Amino acid sequence: MGAMVGVALLGASVTNAFAADETLRSLAEERGRYIGAILNSEWFGGRIESQFEQIHKAQFNAVVAENEMKFDATEPSEGRFSYGNGDKMVKYAQQNGMRVRGHALAWHSQVPNWVNNYKGQKDKLFKVLKNHIENVVSHWKGQIAEWDVVNEAINDNNNHGWRSSGSVWFETLGADFLDSAFVWAHAADPDAELCYNDYAIEWGLGSGSKAGFVLEQVKRWKKNGIPITCVGTQTHIEISHETTPKNVRDFAKALAELGITLNITELDIGFPKGSANSLSAKDYQKQGHLYRQFMDVFLEEPNMGEFMIWGVTDAHSWLDGSQGKTQGLIYDKQYKPKPAYDSLIVSLKAHAPSEVVSPYSSNTPESSSSTDVSSSSSTITIKASMAPASLSMQVSGHTLLIAGTQSAMVDVFDMQGRPVFSAKCETGSIELKNVSEGLYVVRVRKGSASLTKRIAIK
Ligand code: 9MR
């Protein structure tokens, strides 16, 4: 019955329960974190649908160029640097108070032909890479907060090592190019964060894994004084990749031991290509649930700082062009927010600002008691927020027990932020009628005091 209520609400396209002035951006900012999306210089200033710019500015406080800061865009011919499009985006970001990620300095792909012509000439190619990094990083010194210094340098074999073929850098320079790239980037902008960025990191730390290989290299870099500060997990995943949020959490914890930040740099969660017309509300809710799990991990791990989505709307996404995937973003082709959008809002709201640590400032939480696990085996209370110490709640089966007051307004939302239950409690306990098994957010309000928790009804 509860599930039916949820579906009915979705069908009627009831808007979510949260205030209109609460955006991904405002909620992330309150938590000292960045949420961002890619940009191309032709995507603002009235050159595509006006909704794009409105949404981009309202919802995001970080930006990354999809293509226009890559090697082929910034140095299309030897020694001639082309910064026009990148400058436009940096200006846009500055005017709108956004952090800029720089993507990418040393990458085997999107390298212009003139570079490939130097294949085999070690001294020359070292100079080419050094000159490129020095110029590009100096040009945006103090304006680009963080660079992907090396991108996708690991091969796709089961037992990962460096990508030894198909990379002009590795084939000519060997693994030294990676260490050098970090050193040159650091010399050009000592304040910039410097990342190693790659895909398939979200597959976990098992033996022979890419994540395991990255970890080994980060240890080596730290030991040798190579100035790496962050790793980017691109996280281009599919709807069936249900274990990936946990893998990202484990990897964040492993990097925390090394004092390294982990950023989600290119998230999209695609459905199989060709499935767009047959996707149901349930499919989109599943996508929302996965997005939400990534946001939960992101907010709960203190060494995560940026949550970047590789696009805004399914109308403009690399997935449909070159991938066997589709519909992977949080707005649909008509710029309507999908359940994934609401799920991100719910996750942000379920993590009180005081409980979220930012790797970029000293907003350490006052108390470390962010997790409140109830003793009842049928109830898991996951998060509390903004509550006076006297107000608390617990769920047992379908019964919500409120301590600290007899009467309060009780609202229950599904993971997409849609109301599924609302009633006034008069006796300190209330039956959550018609709410089916699953995860929800419960809000209890008494006057100006409010307590919000994520609960599992079993
Ligand atoms: O989204 C980018 C697409 O427009 C380009 O054609 C493609 C060319 O390599 O690069 C895409 O972005 C990639 C990013 O730079 C690195 N990680 C994988 C991204 C998706 O392919």
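Counting starts at 1 for both ligands and their atoms, following the listed order. For clarity, every value in this text was computed on a predicted model and none was experimentally measured.
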Item to complete: Can you pull out the closest protein heavy atom to atom 14 (C) of ligand 1? Residue, atom name and distance to 0.1 Å, please.
Response: His103 NE2, 3.4 Å
Worksheet item: How are the rings of Trp162 and Tyr196 set to each other: parallel, tilted or perpendicular (split at 30° and 60°)?
Response: perpendicular
Fill in: Close approach, Tyr199 and ligand 1, non-hydrogen under 4.0 angstrom
no
Worksheet item: Do the rings of Trp107 and His103 sit parallel, tilted or perpendicular, given the 30° and 60° boundaries?
Response: tilted
Worksheet item: For Asp123, does the CG atom sit with more than 12 other heavy atoms under 6.0 Å from it, leaving out its own atoms?
Response: no
Discussion item. Over 60° means perpendicular and under 30° means parallel, so tell me whether Tyr92 and Phe44 are parallel, tilted or perpendicular.
Written reply: tilted
Fill in: Aromatic plane relationship, Phe182 with Trp221 - under 30° parallel, 30 to 60° tilted, over 60° perpendicular
tilted
Discussion item. I'd like to check whether Glu152 has a polar contact with ligand 1, where a contact means an N/O of the residue lying under 3.5 Å from an N/O of the ligand.
Written reply: yes
Fill in: Option nearest atom 13 (C) of ligand 1 (shortest heavy-atom distance, choices Met69, Glu66, Lys70, Gln234)
Lys70
Fill in: Working for salt bridge (charged side-chain N to carboxylate O under 4.0 Å, His left out), residues Lys246 and Glu202
CA-CA 9 Å; Lys246 174 169 188 312; Glu202 70 280 0; over 6 Å; no
Response to the item:
Under 4.0 Å between heavy atoms, the region of Asn67 that gets near ligand 1 turns out to be side chain
Worksheet item: If we only count N/O pairs under 3.5 Å, is Trp107 in contact with ligand 1?
Response: no
Practice prompt. List the closest protein heavy-atom neighbour of atom 19 (C) of ligand 1: residue, atom name, distance to the nearest 0.1 Å.
Written response: Glu266 OE1, 3.3 Å
Worksheet entry | Residue Trp318 vicinity, atoms of ligand 1 by number, heavy atom under 4.0 Å | 1 (O), 20 (C), 21 (O)
Worksheet item: Which residue supplies the protein heavy atom nearest to atom 8 (C) of ligand 1, what is that atom called, and how far is it?
Response: Gln110 OE1, 3.1 Å
Practice prompt. Tell me, yes or no, whether the heavy-atom count around Asp156 atom CG, taken from other residues, nucleotides or ligands under 6.0 Å, exceeds 12.
Written response: yes
Discussion item. Can you confirm, on distance only, whether ligand 1 has an N/O atom lying under 3.5 Å from any N/O atom belonging to Asn151?
Written reply: no
